[in-house]
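Reading through the structure tokens given below for one structure.
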Amino acid sequence: MRTEYRFQEIEKQWQAFWEENKTFKSSINPNKPKYYVLDMFPYPSGAGLHVGHPLGYIASDIMSRYKRLKGYEVLHPMGFDSFGLPAEQYAIQTGQHPAITTEQNITRYIEQLKNIGFSFDWSREVRTSDPSYYKWTQWIFMQLFNSWYNQDSDKAESIDTLIAIFNEKGSVGVKVVCDDETIRISAEEWKSLSEDEKYEYLLNFRLAFLDDSVVNWCPALGTVLANDEVKDGVSERGGYPVEQKKMRQWSMRITAYADRLLRGLEEVDWVDSLKEQQRNWIGKSVGAEVDFDIFEPVANLQDKKIKVFTTRVDTIYGVSFMVLAPEHEWAMDLTTAAQKNAVEEYINWAKSRSELDRMSEVKQVSGVFTGSFVINPFNGEKVPIYLADYVLAGYGTGAVMGVPSGDQRDWNFATHFNLPIIPILDVQKDIEKQADNTKEGKYINSGMIDGLSYKEATQKLITWLEEKGIGNGKVQYRMRNAVFSRQRYWGEPVPVYFKPSASGKLLPYLIQESELPLELPKIDKYLPTETGEPPLGRAADAWKYQGQYDYEWSTMPGWAGSSWYWYRYMDAQNKDAFASKESIEYWQAVDLYIGGSEHATGHLLYSRFWNKFLKDLGYVKEEEFAKKLINQGMIQGRSNFVYRVKDSEKVTFVSHGLKDQYDVAALHVDVNIVDNDVLDVETFKSSRNDVPADAEFILEDGKYVCGWEVEKMSKSKFNVVNPDDLIAKYGADTLRVYEMFLGPLEQFKPWNTNSISGSHNFLKKVWRLFFDEVSQKCKVSDEAATPEELKVLHTAIRKVQDDLDRFSFNTVVSTLMICVNDLSSLKCSKKAVLKDLVLLLSPYAPHISEELWTVLGEQEGSLSYATFPEFNASYLVEDSFNYPISFNGKVKLTLSFPTDATPQAIEEAVLANEQVQKYLAGATPKKVIVVPKRIVNVVV
RNA sequence: GCCUGGGUGGUGGAACUGGUAGACACGCAGGACUUAAAAUCCUGUGAGCCGAAACGCUCGUGCGGGUUCGAUUCCCGCCCCAGGUACCA
């Protein structure tokens, strides 16, 4: 028996025990209720696990261990989202295949995770980059390609049912989700199409389809960049210019699910703020579409109308200009000869600006007049057409009507270009100073709606538009379809090849299901081809479908593999399906998902989308994949920065204190080569490919000082702190306790190692309840516990259980500390008490608990499936309560009264009290408020 | 900019439904044990004021208002920080 707390030995021993005995292997067990605890899917970065990752995993592990003690069959798996940009970036730098580095990184992650003592069922581990996994990601893509969204049944259906409808009545009036521009045809027209033409037409309706999307194109690198890779308008790698470019890309029609994604939020128990973020992201708005005729027909645009969507059609008489996105397809056609130069210049400038820049810069008005006009259909007035980059092409119709009196951005625009600001409601105030977006009052200057109220006016206008056929009421969503192509190597290949139609047009076809997985081909280097095609284009000579057709060269995005992984965990080895029917039946939905709020509008929406889709096709049962979701606040890092001088001939970096004298771009630098904000210049040079050996460093006081900021801890920000060092020094149990003790799980907090010793001391103190420190003798006795000891214990049992049930992980630690402090003061080493204490502690500090469990004489390893202590309220009964007595809300003294004393009796006793009399100093209280077992307030 | 959070001692945080603000830790100061150190234990620790003493007084939860017998908690306005903003995952 170990009599000293040698945590390193203890932890190694129990980790080995759990592994050998497969302690945490879960299986379909009809005799127990199931509980599925899902963690955020980690990306195995080269930096290894950082202290932020385990935060959520520790919490989920605590819940898993707690639920096992509560009698549940717990599914608690772990795996890796192992496709991604960083591995590819590393491959570009080193020429090493990303699969190799990914494998190494995963090995390291697993080692690190095992070090922390998680109760994962490792037999279910999955990796998205493994062909046996991405086979099913590709399979789901095929299902999406083969499906359309039927708005009548409100679900996805096989494309075959759509073909049947087309044969019967064509596409006119069919309630199918597709782009607005899609031309509708009759059954006759449909039938008259050739097979190829039919196939091409159907592409418009599939849930996976090809579409033009705007991307960050970097001509110098010959590739598309992630927003993350673009800093200040230039590429982070190399500092080359980036422009916005339209490209043909695979897209997912997530918009078909917009309303269900919205409605589904009502049935899940997720954090409200996260649901709110999703609601806002989906952005349902009810409004109207209005067609504006172009004044004096413009060449190329005969009979064309400019369509706008507005949520305030009632303001239409206040329209004094029209704004199109600079990339609007008619922008040049609408431009008159006189305006040509100005417009071209503006369009070129706008190309260099990211969407984020365009949305955030609200104070700086920019735009250009095209020289053309539209006609307001309601009053026949000529309205000038401008281009301005605050209108985004991918949003709605890419055109908005400007109503300066009611919209601040329009007001700014009108003021800048000297356009009229027309009041439209009699209650609008100060519109010469700012816009007033009120819906109150009666309309003025507004033709047919003069004198009406908001509701009446809106209704009347929409009716009129629909009668005239120049508009209609419409529900629009802010959410856009999801771009699904990446011009990258390290992702799932899209199981599609291109075959020319009779007319020579390349059409996409799926490969056969039996040909899955379509594996990534080997390529010579991980860069785009010389002609700017994605890296897979390098394999093209040898990599062809049936030896003749080119495959799709783009790969799937990072979110593909993570949009369904919780199902694979249910049955990770299955070769015939992504998961068996029985496993899906038993495990159903995730009971607890712990993940970061940074996934609110990305991963968590895509996952819900794919889940709904799989349900529509009957493969899964649940409309929502996670019943309960709690956020893990990020542990933030403290990042360091270096400052690269822009446009200098030689690569030059300037120290933080001098950076204001130059035009610089801030770049993250690894915190591990920065000491006290001073950069290790030599290591910096040798560790980065984009920093040549002759790079210049402008120093201050002989040092290169870095800037710093608190932001998220992430591989891309080079600010990672590693848990291994902490475990070596204090042990995994201490790390687990400390991470929980840091604060509420969901709160954001910068990492700070300083007070970890407190958690370590706590565990040592637990140990000392069992062993005498000096004599090293075991102190555990079989004596019966005293009422006082039982009160201490049961106070803790109640609070630990309550707090765990509401996921308040940090307060559990305090509770255990108080309990241990009290038991230490009482010199209690009684087995009857310590046994329950060990059970309470075990979810947090499982290694020391297993060890002490055996010290108590229990069977080795039986702790994980023991029974959580039962709370007994009778030990806590109090017969009196100490009432704080306050005067006007300020507490002055406390008085003790029996718990069953009536408020009247308390009031009398309080007023009769000598000290109270002293505070009253002869005054008569106006009122006395007695809140039983809380407080007494005397109002004077 | 927009959406979503957050702001409490020197530090991390507690106060669960509007009821004793600062639990529990860290740090710091003093003390015990020790030849010494480590470890451990004990005491004190929001700020200011009065005082020999305190069971004494005032202020105090980002800032400014409000509601209430009573506000860290609810409402209004502002400031600062963080996450997301559609190709980081």
Side-chain angles (χ1 to χ4, degrees), chain A residues 40-43 45 81 83-86 213 215-216 224-230 249 271-274 276-281 283 355-356 358-363 390 394 409 479-483 485-488 557-559 562 596-603 605 631 633-634 636 709-712 714-717 738 741-744 746-750 752 754-759 761-762 764-765 768 773-774 802-803 806 808 810-811 813-818 821 882-894 915 926-929 931 934-940:
Chain A
M40 209 149 75
F41 213 15
Y43 173 82
S45 81
D81 189 12
F83 275 132
L85 263 187
S213 315
V215 297
N216 297 311
V224 174
L225 296 177
N227 288 334
D228 223 41
E229 299 174 296
V230 183
Q249 309 258 299
V271 205
D272 284 333
S273 64
L274 194 141
E276 192 60 19
Q277 279 188 70
Q278 291 209 346
R279 279 190 202 105
N280 291 330
W281 182 265
E355 228 172 72
L356 192 56
R358 291 168 58 170
M359 286 187 295
S360 18
E361 259 182 43
V362 126
K363 285 176 191 125
Y390 75 86
R409 233 170 8 179
M479 182 169 65
R480 311 200 287 250
N481 283 325
V483 180
S485 291
R486 298 294 181 266
Q487 329 302 313
R488 306 285 177 185
W559 56 268
S562 60
S597 62
E598 70 273 20
H599 295 288
T601 53
H603 167 57
L605 261 179
N631 273 157
M634 219 170 320
Q636 292 159 318
E709 245 171 70
V710 170
E711 53 186 0
K712 68 173 172 176
S714 104
K715 53 258 170 193
S716 65
K717 302 202 187 297
Y738 181 60
F741 188 56
L742 266 182
E746 67 279 8
Q747 211 163 87
F748 287 71
K749 45 208 170 240
N752 174 5
N754 289 344
S755 53
I756 193 169
S757 60
S759 301
N761 287 343
F762 160 66
K764 286 198 283 192
K765 211 162 172 178
R768 285 198 304 272
E773 202 188 6
V774 181
D802 285 357
D803 286 357
R806 65 188 175 102
S808 174
N810 56 325
T811 51
V813 180
S814 311
T815 303
L816 291 171
M817 284 176 171
I818 292 168
N821 288 348
N882 255 350
Y883 279 88
I885 313 298
S886 60
F887 295 80
N888 292 337
K890 292 198 194 305
V891 175
K892 297 291 182 184
L893 67 148
T894 61
Q915 269 182 289
K926 289 186 192 134
K927 207 201 274 186
V928 178
I929 289 151
V931 184
R934 284 244 190 247
I935 202 169
V936 176
N937 192 16
V938 182
V939 186
V940 253

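Chain naming here is simple, since letters A, B, ... match the order of the sequence lines and numbering starts at 1 in each.
Taking side-chain N and O atoms only, A:Arg768 has a distance below 4.0 Å to OP1 or OP2 of B:rC41. Look at A:Lys749 and you won't find any side-chain N or O under 4.0 angstrom from OP1 or OP2 of B:rG83. When the side-chain nitrogen and oxygen atoms of A:Asn280 are compared with OP1 and OP2 of B:rC2, none of them lie within a distance under 4.0 Å. Remark: A:Asn631 is not in phosphate contact with B:rG5, judged by side-chain N or O atoms under 4.0 Å from OP1 or OP2. Distances shorter than 4.0 Å separate some side-chain N or O of A:Gln747 from OP1 or OP2 on B:rG13. Distances shown here put every side-chain N or O of A:Lys764 at or beyond 4.0 Å from the OP1 or OP2 atom of B:rA39. Using a 4.0 Å cut-off, no side-chain N or O of A:Arg480 falls inside it from OP1 or OP2 of B:rA86.
Counting to the nearest Å, the P atom of B:rU85 and the CG atom of A:Asn227 are 8 Å from each other. Across the protein-nucleic acid pair, A:Asp272 atom CG and B:rC3 atom P stand 17 Å apart, rounded to whole Å. What separates CD of A:Gln915 from C1' of B:rA54 is a distance of 12 Å, to the nearest Å. Counting to the nearest Å, the P atom of B:rU85 and the CD atom of A:Glu355 are 12 Å from each other. If you measure from atom CZ of A:Phe83 to atom P of B:rA89, you get 12 Å, rounded to the nearest angstrom. In this structure, A:Asn810 atom CG and B:rC26 atom P are separated by 16 Å, rounded to whole Å. Atom pair A:Glu276:CD and B:rG84:P shows a separation of 19 Å (rounding to whole Å applied). Counting to the nearest Å, the P atom of B:rA86 and the CG atom of A:Leu225 are 14 Å from each other.
Straight-line distance between the P atoms of B:rG83 and B:rG10: roughly 26 Å, to the nearest whole Å. Distance noted for atom C1' between B:rA53 and B:rA71: 35 Å (whole Å). For B:rU17 and B:rA25, the C1' atoms lie 28 Å apart once the distance is rounded to whole Å. Spacing of P atoms, B:rC2 relative to B:rC69, comes out at 37 Å, to the nearest Å. Using P as the reference atom, B:rC74 and B:rC16 are 11 Å apart when rounded to the nearest Å. Between B:rU4 and B:rA54, the two C1' atoms lie 49 Å apart (nearest whole Å). Comparing B:rU11 with B:rU45, their C1' atoms are spaced 14 Å from each other, to the whole Å. The separation of B:rG18 from B:rC88, taken at their C1' atoms, amounts to 43 Å, rounded to a whole angstrom.
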Enumerate all atom pairs, one protein N or O and one N or O from nucleotides 23-25 of chain B, separated by less than 3.5 Å.
residue: B:rA23; atom: N1; partner: A:Ser814; partner atom: OG; Å: 3.4
residue: B:rA25; atom: OP1; partner: A:Asn821; partner atom: ND2; Å: 2.4

Table of protein N/O atoms under 3.5 Å from nucleotides 68-72 of chain B N/O atoms:
residue: B:rC69; atom: O2'; partner: A:Asn937; partner atom: ND2; Å: 3.2
residue: B:rC69; atom: O2; partner: A:Asn937; partner atom: ND2; Å: 2.5

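Residue A:Ser808 is out of contact with every strand shown, counting any heavy-atom pair closer than 4.0 Å. Residue contacts shown for A:Lys926 are absent, as no nucleic acid heavy atom lies under 4.0 Å away. Using a 4.0 Å heavy-atom cutoff across all strands shown, A:Pro42 reaches no nucleic acid atom at all. Residue A:His599 is classed as a base contact, given a heavy-atom separation below 4.0 Å to a base. Here A:Val936 lies out of heavy-atom contact (under 4.0 Å) with every strand. Among the heavy atoms of the strands, none lies under 4.0 Å from A:Trp559. A:Met40 comes within contact range of no nucleotide atom at all, as no heavy-atom separation falls under 4.0 Å.
Remark on RNA chain B: of its neighbouring residues A:Arg934 and A:Glu746, the 5'-side contact belongs to A:Glu746, judged by nearest-heavy-atom nucleotide. Residues A:Asn481 and A:Pro884 both approach RNA chain B. Their nearest nucleotides, taken by heavy-atom distance, put A:Pro884 toward the 5′ side.
Shortest non-hydrogen contact noted between A:Thr601 and A:Gln277 is CG2-O, 3.9 Å. Scanning both residues, A:Gly743 and A:Lys749, for their nearest heavy atoms gives O-NZ, 3.8 Å.
When each of B:rG83, B:rC88, B:rC87 is scored by its nearest atom to the side-chain atoms of A:Gln487, the top-ranked nucleotide is B:rC87. Nearest nucleotide to the A:Glu598 side chain, out of B:rU20, B:rC59, B:rG84: B:rG84. Side-chain atoms of A:Phe748 lie closest to B:rA82 of the nucleotides B:rU20, B:rG13, B:rA82.
With hydrogens and angles ignored, no donor-acceptor pair under 3.5 angstrom links the side chain of A:Gln278 to the base of B:rC3.
Of all nucleotides present, none satisfies the Watson-Crick or G-U wobble test against B:rG22 with each distance under 3.5 Å. Across all strands shown, B:rA52 remains unpaired; no Watson-Crick or G-U wobble contact has both distances below 3.5 Å. Of all nucleotides present, only B:rC42 satisfies the Watson-Crick or G-U wobble test against B:rG30, with each distance under 3.5 Å. Applying the Watson-Crick and G-U wobble criteria (two distances, each under 3.5 Å), B:rC74 pairs with B:rG66. Of all nucleotides present, none satisfies the Watson-Crick or G-U wobble test against B:rU35 with each distance under 3.5 Å. As the counterpart of B:rA82, B:rU4 is assigned, both hydrogen-bonding distances of the Watson-Crick or G-U wobble pattern falling under 3.5 Å. Across all strands shown, B:rU17 remains unpaired; no Watson-Crick or G-U wobble contact has both distances below 3.5 Å.
Between A:Arg358 and A:Glu355 there is no salt bridge, since no side-chain N of the basic residue sits under 4.0 Å from a carboxylate O of the acidic one.
Considering A:Asn937, A:Val938, A:Ile929, A:Val936 as possible partners of A:Ser886, the one that fulfils the side chain to side chain contact (heavy atoms under 4.5 Å, CB included) test is A:Asn937.
Residue A:Gln915 holds its CD atom at 10.0 Å from CD1 of A:Ile885, rounded to the nearest 0.5 Å. For the atom pair OH (A:Tyr883) and CG (A:Leu893), the distance works out to 14.0 Å, reported to the nearest 0.5 Å. Between the CG atom of A:Leu85 and the OH atom of A:Tyr43 there is a distance of 7.5 Å, given to the nearest 0.5 Å.
Judged as a salt bridge (Lys or Arg N to Asp or Glu O under 4.0 Å), and not counting sequence neighbours, A:Arg934 has no contacts.
Against the 90° criterion about 0, the sugar-base torsion of B:rG83 places it in the anti range.
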